[in-house]
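Please read the structure below before turning to the comments.
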Amino acid sequence: MDSASAAEPNTSHPVAFPHRRWKNHPCAGVDFPDITSSTSDARWMRLACDGLAAHLDSKIDLLAGIDIGGLGLAGALALRNALGFIDIRKVGSIRADVVRSLTANYELGNGIALSKGHALVGRHVAIIDDCLMTGGTALATAQLLDQLGARCTQALFVFELEGLGGRERLGESGVAVHSLERLPPVQPE
């Protein structure tokens, strides 16, 4: 675990959220930042929610939390800001009647899914996830929501791995990105 985990949150400058890195996950040359060191502590969870909330567009009325790391963040943020919440899951992780987007890559596995029956037409949706890498999962989410009649123009992340193209990929598709902390793709020794 990084030494930042022992530090107290400080809102006077950018915050370094406690996390541990999973070496070469999900692929060689990428060390995924595991946010559970932050979300298991109420002070850090509040700081993450407050930081994300500060960047929510005023038109947003629904949050789409991406499986797994974005689910808890989106649920807490939805409650904090009196917004709706839906969960975006990896295909196969839910058993209800689903709508799918099958775009396989290392981030998505076999794609994403959400349960059918959500009233999405005309809703303004922000995607919430713990980490932005290549943007594949967030882009598939935005495209699926757009196909179902929602307007998905914003994606918020706690971490962003620099140099993997996620910000650019989403931006080219009209999705504005904000991350609370940018990290190199490989944890420095």
Side-chain angles (χ1 to χ4, degrees), residues 17 19-20 22 25-27 30 32-40 45 48-49 52-53 56-57 60-161 164-167 169-170 173-180:
F17 285 90
H19 63 280
R20 60 183 169 178
W22 294 96
H25 177 78
C27 64
V30 175
F32 184 81
D34 180 357
I35 194 171
T36 57
S37 301
S38 291
T39 59
S40 63
M45 183 65 168
C49 284
L52 294 170
L56 271 174
D57 186 297
I60 298 298
D61 64 340
L62 183 64
L63 301 178
I66 295 179
D67 185 2
I68 289 175
L71 294 177
L73 291 166
L77 190 56
L79 179 63
R80 179 197 185 278
N81 287 45
L83 300 170
F85 163 75
I86 58 173
D87 55 331
I88 304 296
R89 303 287 189 97
K90 306 293 189 310
V91 167
S93 70
I94 55 177
R95 302 289 181 242
D97 200 13
V98 298
V99 180
R100 301 173 193 221
S101 172
L102 298 175
T103 308
N105 67 27
Y106 71 83
E107 289 180 52
L108 297 174
N110 291 320
I112 58 166
L114 83 138
S115 298
K116 287 184 177 178
H118 295 295
L120 296 175
V121 175
R123 303 288 300 269
H124 293 270
V125 184
I127 295 167
I128 308 294
D129 205 359
D130 57 344
C131 184
L132 173 62
M133 293 186 295
T134 68
T137 304
L139 183 57
T141 299
Q143 290 169 341
L144 180 59
L145 292 168
D146 287 346
Q147 289 169 10
L148 297 172
R151 291 207 19 88
C152 187
T153 58
Q154 187 176 37
L156 305 175
F157 305 89
V158 174
F159 300 118
E160 176 181 347
L161 296 185
L164 298 182
R167 175 178 293 272
R169 189 175 188 186
L170 289 167
S173 295
V175 179
V177 171
H178 184 80
S179 58
L180 300 181

Heavy-atom pair with the smallest gap, counting every atom of [X] and [Y]:
X	Y	result
P26	V30	CD-CG1, 3.9 Å
F157	C131	CD2-C, 3.7 Å
A48	V158	CB-CG2, 4.3 Å
G135	L170	O-CD2, 4.1 Å
F85	G65	CE1-N, 4.0 Å
D129	G69	OD1-C, 3.9 Å

Taking the side chain as C-beta and beyond, is there a heavy-atom pair between [X] and [Y] under 4.5 Å?
X	Y	answer
I35	L73	yes
I86	L145	yes
P33	L161	yes
L132	S179	no
L144	I88	no
I127	C152	yes

At what distance, to the nearest 0.5 angstrom, does CG of L148 lie from CZ of R123? 13.0 Å
So, taking the atom named CD1 in I128 and the one named CG in L63, what distance separates them when rounded to the nearest 0.5 Å? 5.0 Å
Whether the side chain of D61 engages the backbone of H124 through a donor-acceptor N/O pair (distance < 3.5 Å, no angle test) should be reported. yes
Backbone N or O of A176 within a donor-acceptor pair of the H178 side chain at under 3.5 Å? no
So, applying side chain to side chain contact (heavy atoms under 4.5 Å, CB included) with I66, which one of T137, D130, L71 is it? T137
Hey, mind stepping through D67 and D87 against side chain to side chain contact (heavy atoms under 4.5 Å, CB included) and telling me if it holds? CA-CA 7 Å; D67 185 2; D87 55 331; over 6 Å; no
Please walk me through it: do L83 and L56 pass side chain to side chain contact (heavy atoms under 4.5 Å, CB included)? CA-CA 11 Å; L83 300 170; L56 271 174; 3.8 Å; yes
Would you check, one step at a time, whether the test side chain to side chain contact (heavy atoms under 4.5 Å, CB included) holds for T36 with R20? CA-CA 8 Å; T36 57; R20 60 183 169 178; 4.2 Å; yes
Within 6.0 angstrom of I68 CD1, more than 12 heavy atoms from elsewhere: no
Intermediate values then yes/no, side chain to side chain contact (heavy atoms under 4.5 Å, CB included), T153 and D57: CA-CA 9 Å; T153 58; D57 186 297; 5.6 Å; no
